[in-house]
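Read through the structure below, which is laid out as structure tokens, and then see the notes.
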Amino acid sequence: MTEQTQRTGFTPRVFSGIQPSGGLTLGNYLGAIKRFVDMQDRGLNGQPVETVYCMVDLHAITAKLHDPETLRRNTRELCAGFIAAGVDPEKSVLINQSQVPEHAQLAWIFNCVARMGWMQRMTQWKDKAGKNSENASLGLFAYPALMAADILIYHATHVPVGEDQKQHIELTRDIAAKFNHDYGVDFFPITEPVIEGAATRVMSLRDGTKKMSKSDPSDASRINMTDDADAIAKKIRKAKTDPEPLPETLDGLKDRPDARNLVNIFAGLSDISAEDAIAQVAGQQFGQFKPMLADLAVAKLAPISEEMARLMQDTAEIDAILNRGASRAREITAPVLKRTYDIVGMVG
Ligand code: AMP
Ligand code: TRP
């Protein structure tokens, strides 16, 4: 816990979210879901902590025109992915964003706290809107204010995310601080991003300088959580590398992004640090390392994809889990929204 969260006395609570935009990758698993499960089971700095995990369906409609049936399927499939990977709906609050209306209600308040200039500086906005920002949705621009509301409606103190979300968490802190300052309260915590582990940025298997992403046109660039054992093994065998054997230390991987990425993936899947990983594989040729990595990836991922497929056969059970999650969540969010409205001056 940081001084700031300690000083203001907020009870530690973890929140994180993933967009149901179709197709979970190994990047989502190592950078996010696996760490969600670790926090649920091992707590935060050795202390048990309440964990809330969310499918952010309202965020998933900001970018491009979507097919409603596909969004519904993706949301349920993401829920199945969370559960198959070890998120336990009894231990964690597991929700779909639109089923907890206080997220969107607090987001409106934050739209009136955040400044246009802050939003314009967001690199994700610049990347996604591209040159044609006149034609981007207002929702895409306001995306980070909704994300701040997701976090702060729970008074969450810690948010496990991949490296790419760091700037959005900084904006969340700015919004909390400005709200507290403008209204002279100490109501919202200053949230900490938790970006740790060997695999906070899993890179493309075809280009170690680019993030592994579900939107990459090349399927060979990523491992999908729904890939079967053969596909996983084949993609790792074909992953880009260089002719040198693996070095003795991490320093030796400095200018070798493709090799570094595979070592990080090995570390993430084995639950060890990158230092320990390189110590284990030092001196190996890729002809030896890759089959071992492929076996490990299949051993860890195949049971998850099988369980996802099984859960998807009973979507009524998934919907029931999400309904239960939403009512548990609202016990937290309704009072926080009420108090926020009160602070802002809404009658009621
Ligand atoms: P998204 O799929 O963009 O909603 O991302 C969901 C979560 O997965 C976020 O915490 C991201 O930071 C994380 N994530 C996505 N891609 C990667 C990647 N290639 N490496 C590490 N984390 C990732
Ligand atoms: N923007 C995040 C992403 O694309 C998803 C997200 C939405 C999120 N709300 C959040 C992540 C709140 C953490 C906390 O990955």
Side-chain angles (χ1 to χ4, degrees), residues 13-37 39 51-63 74-75 77-78 81-82 85 87 93 95-98 100 103-104 106-107 110 122-125 127-128 139-140 142-173 175-176 191-216 221-225 257 260-261 264-265 267-269 329:
R13 183 180 281 146
V14 168
F15 179 94
S16 197
I18 298 188
Q19 297 190 58
S21 41
L24 281 171
T25 69
L26 180 67
N28 295 131
Y29 176 63
L30 292 178
I33 302 182
K34 184 170 181 302
R35 297 167 54 230
F36 300 172
V37 176
M39 285 189 170
T51 45
V52 184
Y53 298 126
C54 185
M55 282 118 258
V56 291
D57 60 347
L58 297 172
H59 278 116
I61 64 169
T62 54
N74 287 343
T75 303
E77 190 177 88
L78 178 56
F82 272 112
V87 173
V93 178
I95 51 162
N96 181 34
Q97 190 184 32
S98 63
V100 183
H103 289 235
L106 183 62
F110 288 170
M122 294 294 112
T123 53
Q124 187 170 301
W125 156 253
D127 288 350
K128 285 201 180 168
L140 186 66
Y143 178 116
L146 175 59
M147 178 161 164
D150 294 337
I151 296 167
L152 294 172
I153 196 72
Y154 296 91
H155 278 187
T157 54
H158 294 80
V159 180
V161 276
E163 182 67 42
D164 60 343
Q165 294 301 311
K166 193 167 174 211
Q167 196 187 29
H168 285 157
I169 310 294
E170 276 157 14
L171 185 92
T172 301
R173 295 162 64 92
I175 289 177
T191 305
E192 293 290 326
V194 186
I195 302 171
E196 57 191 29
T200 53
R201 198 167 162 80
V202 177
M203 308 308 272
S204 157
L205 298 178
R206 308 302 310 156
D207 177 354
T209 63
K210 261 176 48 192
K211 196 181 82 159
M212 181 182 286
S213 157
K214 51 192 152 198
S215 55
D216 194 311
S221 71
R222 64 179 162 265
I223 293 176
N224 305 299
M225 296 300 290
R260 169 90 215 205
N261 187 35
N264 283 349
I265 292 174
L269 287 171

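When a ligand or atom number is given, it counts from 1 through the structure's own listing order. Atoms considered below: every heavy atom in the structure, side chains included; atoms not considered: hydrogens, waters and symmetry mates. Quantities reported herein were computed from a predicted structural model and do not represent experimental measurements.
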**Message:** Show the nearest heavy-atom pair for residues Ala199 and Gly268, with the distance to one decimal.
**Reply:** CB-CA, 4.5 Å
**Request:** List the steps and the verdict of salt bridge (charged side-chain N to carboxylate O under 4.0 Å, His left out) for Arg206 and Asp216.
**Result:** CA-CA 10 Å; Arg206 308 302 310 156; Asp216 194 311; over 6 Å; no
**Message:** Could you check whether Asp164 and Gln124, counting side-chain N and O atoms only, form a donor-acceptor pair closer than 3.5 Å?
**Reply:** no
**Prompt:** Are the ring centres of His155 and Phe15 closer than 6.0 Å?
**Reply:** no
**Asked** Which of these, Thr51, Val161, Val52, sits in a side-chain contact (heavy atoms from CB on, under 4.5 Å) with Ser16?
**Response** Val161
**Complete:** Within the 4.0 Å heavy-atom cut-off around ligand 1, the contacting residues, ordered by chain and number, are Ile18, Gln19, Gly27, Asn28, Gly31, Ala32, Val161, Gly162, Asp164, Gln165, Ala199, Thr200, Arg201, Val202, Lys211, Met212, Lys214
**Parallel, tilted or perpendicular: ring planes of His59 versus Tyr143, cut at 30 and 60 degrees** = tilted
**Fill in**
Close residues (non-hydrogen atom under 4.0 angstrom from ligand 2) work out to Phe15, Ser16, Gly17, Gln19, Val56, His59, Tyr143, Met147, Asp150, Ile151, Val159, Val161, Gln165
**Message:** Tell me the closest heavy-atom pair linking Pro257 and Thr209, and the distance in Å.
**Reply:** CG-CG2, 4.0 Å
**Fill in**
All heavy atoms of Cys54 vs all of His103, minimum pair found to be SG-CE1, 4.2 Å
**Prompt:** What are the two closest heavy atoms between Thr191 and His158, and how far apart are they?
**Reply:** CG2-N, 4.0 Å
